[in-house]
Novice: 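So that we are looking at the same thing, I have put the structure below in structure tokens.
In this chain, residues are counted from 1 in sequence order.
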Amino acid sequence: MPSAVVPMKSYLAESPPKGDDWLFEVKWDGVRAISFIDDQSVRMTSRTGHSCERQYPELSVIGHQIAAKQAVLDGEIAVLDKNGVSGFGLIQPRIAVADPNTIAHLARRVPVTLFVFDLLYLDGYDLRNVPLIERKRALQSILQPSGVMRYSEHFINQGEEMLQAARANGLEGIIAKRAQSKYESKRSQDWLKIKILTQQEFVICGYTTGEREYFSSLALGLYENGKLVYVGNVGTGFDQNLLELIYRRMEPLTTSRSPFSATPPTLRETIWVRPELVCEVKFSSWTEDGRLRAPVFLGLRPDVDPAECVREASAAPEEKTMPAARKPLLSGKVDEAAFAIDGQPLKFTHLNKVFFPAEGYTKRDLLNYYDAVADLLLPYLRDRPLSLKRYPDGISGEFFFQKDTHDRFPTWIRVEPIYSEHKKAPTRFELADHRAALLYLTNLGCIDQNPWMSRVDSLEYPDFMLIDLDPQGCEFDRIVEAAQLVRKKLDLIGLDGYPKTTGGDGMHIYVPLEPVYSYEQVRSLAEIIARVVAAERPDLFTTPRPVARREQGKVYFDYLQIGESKTIAAPYVVRAYPGAPVATPLAWREVAPGLLPSQFHLRNALDRFARVGDLFEPVLKKPQRLEPAIEKLDKIVQRRGT
């Protein structure tokens, strides 16, 4: 059973498509959820992959209403009014609280219903490549409807009738789906939404103040071509409790800089916030200059990634087609292939060999991934010596390390001899400076790439400080808590850090530096930060270097990982663990309870990277000096006597 699924999403259409190959459903106005049922236990994740079952305790029983041992369901959690109509404003109180007592009270006072519309996995069978109409038949056969879970009914070729009925009943709209479509973890024109009410998600970028307590209005933005643009302010739809709640969420995000690529002059008096919060807003229409007309605030959307907030444009499949996905480098079923990459001859062998047995991923799948992700990955490998860990038979076979390159490597692979004090002789390290070298190493069975923290022209000076957080028998939520505490300390001393999953069970934070400080200097600074956070939170961190002496249930801050010739899994690489997880850069707003490294893997990572771009780019382009930070940290240490 998959451990994580990125939901399939729809495009906006102006009218329902026609034909028997389309089926139609009600567009429920709530919160999307993927439900994982395993022997009647239930785990639920939001659109962003965060666990959300604790928010809806009444849904813990749905495992008993599915006639299966294991299943993965797709659906929408909604609150219905007295007429049976869902509305996002109705469910807003349920998604904005974390206190268990309040959640329990709301579960009784404002109960939710899960409307299930798709079945992705059933008792050993992955159904995502099965036609939708067959998945729905299977779903109906195993689901026992109740007050907390219902099947979302569908109708064939009745789009206009459904749209009229939805309008008469005050629904948000309807969804059209191709009956033969497979389930894809991306936005697809096989699914279309036809809206009656004009509403969508927007990024909160700032607020204005006035006579009303807390704030008067919110400045909203959307992403266009990767840049955040202003679309208007919303100042209605708030009650006093909501004003306070939103203000408390915005307060720690306050910044002196506008998040917009070009700030309109009318927003000079706005208090800016980092663009990490998303809200739902309904409005009458767009003005000619792209601003919202008559907007009304509906609620916060913690389940939506800000990067997904773009202006929804109508695009019926008959009129427009989306750009084709990148063609795989290696298609078909042949076991060998040979052609030129970057002008270099390459032969790929044993392409059908299974590298990840549980998922069935082959060597071909791995090569196709690295070919597709090369433009993102290579800047983090270029000019860095690599230590190769080779898995010629996949993760279930024997592996071995290779640091010293033999003479059988092609002459076009860059090799750098680096003197080793241990060997009293040079060690020949290979480098992956271009796509051909990366794919050559992948063909050798290098599932991940592990570069130095410094480059060949400045080997003694790392260009980032690594903060390595390892769990010692604790849940990942503890890693999240530790990472956010470290972030606060970095903020205090004026340093920016950028988080990523390791692809394993820990988290890395990269602090980009000018390559002028020795490994010892950088390691010493990391050690001081480690001691400061451990002194502040001894319940969270454990510090002994020997593994046997570390306290269980805590987080180990491994500053000793910083050292010359030590290597670390690069961002964007696949890791040699079950599930084929990918070391994935994160936005800080994603470092939140419910985050799991297993959310990002070989099947869905490329879609994410296409959507959010290179979140780690500042690691390459924004090096920092340490002297001001050391002065501030020294004052903190003296003040606390650490």
Side-chain angles (χ1 to χ4, degrees), residues 30-32 46-52 54-56 77 79 88-103 106 110 199-210 212-223 228 230-260 267 269-282 292 295-309 477 480-481 483-485 487-488 491 499 586-595:
V31 174
R32 187 78 172 274
S46 67
R47 275 169 51 174
T48 52
H50 289 84
S51 296
C52 61
R54 294 178 184 175
Q55 293 293 115
Y56 312 103
I77 303 171
V79 172
F88 186 75
L90 298 174
I91 199 173
Q92 175 67 22
R94 297 299 306 271
I95 65 176
V97 296
D99 175 64
N101 291 329
T102 305
I103 289 173
L106 287 171
V110 190
Q199 66 185 63
Q200 71 165 88
E201 300 96 5
F202 297 89
V203 184
I204 298 175
C205 301
Y207 61 93
T208 62
T209 58
R212 187 163 60 185
E213 191 176 7
Y214 299 115
F215 64 88
S216 292
S217 68
L218 300 175
L220 305 177
L222 290 174
Y223 282 96
L228 196 58
Y230 173 69
V231 296
N233 278 39
V234 59
T236 60
F238 309 100
D239 59 23
Q240 192 64 18
N241 290 336
L242 198 51
L243 285 167
E244 182 179 4
L245 170 66
I246 297 168
Y247 179 77
R248 299 301 177 207
R249 297 283 180 89
M250 293 190 296
E251 196 173 22
L253 302 178
T254 302
T255 177
S256 60
R257 292 179 293 181
S258 165
F260 295 119
L267 293 183
E269 303 303 319
T270 301
I271 298 171
W272 305 117
V273 298
R274 294 197 296 268
E276 300 181 9
L277 296 176
V278 173
C279 65
E280 185 94 3
V281 172
K282 67 178 180 180
L292 294 169
V296 178
F297 183 89
L298 295 179
L300 293 174
R301 293 301 304 253
D303 60 319
V304 176
D305 186 334
E308 293 184 2
C309 294
D477 279 358
V480 165
E481 187 178 6
Q484 287 291 359
L485 180 59
R487 182 197 187 189
K488 290 179 181 177
D491 285 345
L586 303 167
W588 273 112
R589 55 179 164 69
E590 296 179 290
V591 183
L595 173 69

Novice: Taking atom CD of Gln240 as the centre, does the number of heavy atoms from other residues, nucleotides or ligands within less than 6.0 Å exceed 12?
Specialist: yes
Novice: Between Phe238 and Arg212, is any pair of side-chain heavy atoms under 4.5 Å apart?
Specialist: yes
Novice: Can you tell me if Arg248 has over 12 outside heavy atoms packed within less than 6.0 Å of its CZ?
Specialist: yes
Novice: Could you tell me how the ring of Tyr247 sits relative to the ring of Tyr214: parallel (under 30°), tilted (30 to 60°) or perpendicular (over 60°)?
Specialist: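 The arrangement is tilted - the two ring planes meet at 30° to 60°.
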Novice: Answer yes when Glu201 and Arg47 have at least one side-chain N-carboxylate O distance shorter than 4.0 Å, and no when they do not.
Specialist: yes
Novice: At what distance, to the nearest 0.5 angstrom, does CG of Leu222 lie from OH of Tyr230?
Specialist: 12.0 Å
Novice: Considering only heavy atoms from C-beta outward, does the side chain of Phe202 approach that of Val304 to under 4.5 Å?
Specialist: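 Side-chain contact under 4.5 Å: no.
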Novice: Answer whether the closest heavy-atom distance between the side chains of Val480 and Pro593 falls below 4.5 Å.
Specialist: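 When only atoms from C-beta onward are counted, Pro593 and Val480 do touch, with a gap below 4.5 Å.
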Novice: First locate atom CD of Gln200, then atom SG of Cys279, and finally report the distance between them rounded to the nearest 0.5 Å.
Specialist: 10.0 Å
Novice: How far does CG of Leu106 sit from CG of Asn101, to the nearest 0.5 angstrom?
Specialist: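 It is 11.0 Å, given to the nearest 0.5 Å.
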Novice: Looking only at side chains, do Thr208 and Ser217 share a donor and an acceptor under 3.5 Å apart?
Specialist: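 Yes - a donor-acceptor pair under 3.5 Å links their side chains.
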Novice: Would Leu253 and Leu277 satisfy side-chain contact (heavy atoms from CB on, under 4.5 Å), going step by step from the backbone distance to the final call?
Specialist: CA-CA 9 Å; Leu253 302 178; Leu277 296 176; 3.8 Å; yes
Novice: For the atom pair CZ (Phe215) and CD (Glu251), what is the distance rounded to the nearest 0.5 Å?
Specialist: 12.5 Å
Novice: Where do Phe88 and Gly30 come nearest, in terms of heavy atoms and distance?
Specialist: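 Taking Phe88 first and Gly30 second, the nearest heavy atoms are CD1-O, 3.8 Å.
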Novice: Would you check, one step at a time, whether the test side-chain contact (heavy atoms from CB on, under 4.5 Å) holds for Gln55 with Ile103?
Specialist: CA-CA 6 Å; Gln55 293 293 115; Ile103 289 173; 3.6 Å; yes
Novice: Do Trp272 and Ser258 have side-chain heavy atoms sitting under 4.5 Å apart?
Specialist: yes
Novice: Can you tell me how far apart SG (Cys205) and CG (Leu228) are? Round to the nearest 0.5 Å.
Specialist: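 CG of Leu228 is found 4.0 Å from SG of Cys205.
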Novice: Under 4.5 Å between any side-chain heavy atoms of Leu218 and Asn233, yes or no?
Specialist: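 The answer is no; the side chains never approach within 4.5 Å.
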Novice: Stepwise, does the side-chain contact (heavy atoms from CB on, under 4.5 Å) test hold for Leu300 with Ile204?
Specialist: CA-CA 10 Å; Leu300 293 174; Ile204 298 175; 3.9 Å; yes
Novice: Provide the closest heavy-atom pair for Val591 versus Leu586 in the form atom of the first, atom of the second, distance.
Specialist: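 Heavy-atom minimum between the residues: CG2-CD1, 4.0 Å.
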Novice: Can you find a heavy atom in the side chain of Pro306 that is under 4.5 Å from one in the side chain of Arg589?
Specialist: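 Contact flag for Pro306/Arg589 side chains = yes.
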Novice: Between Ile246 and Tyr207, is there a side-chain heavy-atom distance shorter than 4.5 Å?
Specialist: no
Novice: Please report the interatomic distance CD1(Ile91) to CG(Leu298), rounded to the nearest 0.5 Å.
Specialist: 13.0 Å
Novice: Evaluate Lys282 against Phe297 for side-chain contact (heavy atoms from CB on, under 4.5 Å), listing each step before the verdict.
Specialist: CA-CA 7 Å; Lys282 67 178 180 180; Phe297 183 89; over 6 Å; no
Novice: Flag the pair Val234 / Leu220 as yes when at least one side-chain heavy-atom distance between them is below 4.5 Å, and no otherwise.
Specialist: yes
Novice: Check the surroundings of atom CZ in Arg54: do more than 12 heavy atoms from other residues, nucleotides or ligands lie under 6.0 Å from it?
Specialist: no
Novice: Specify the closest pair of heavy atoms between Pro93 and Leu90, including all atoms of both residues, with the distance to one decimal.
Specialist: CD-O, 3.3 Å
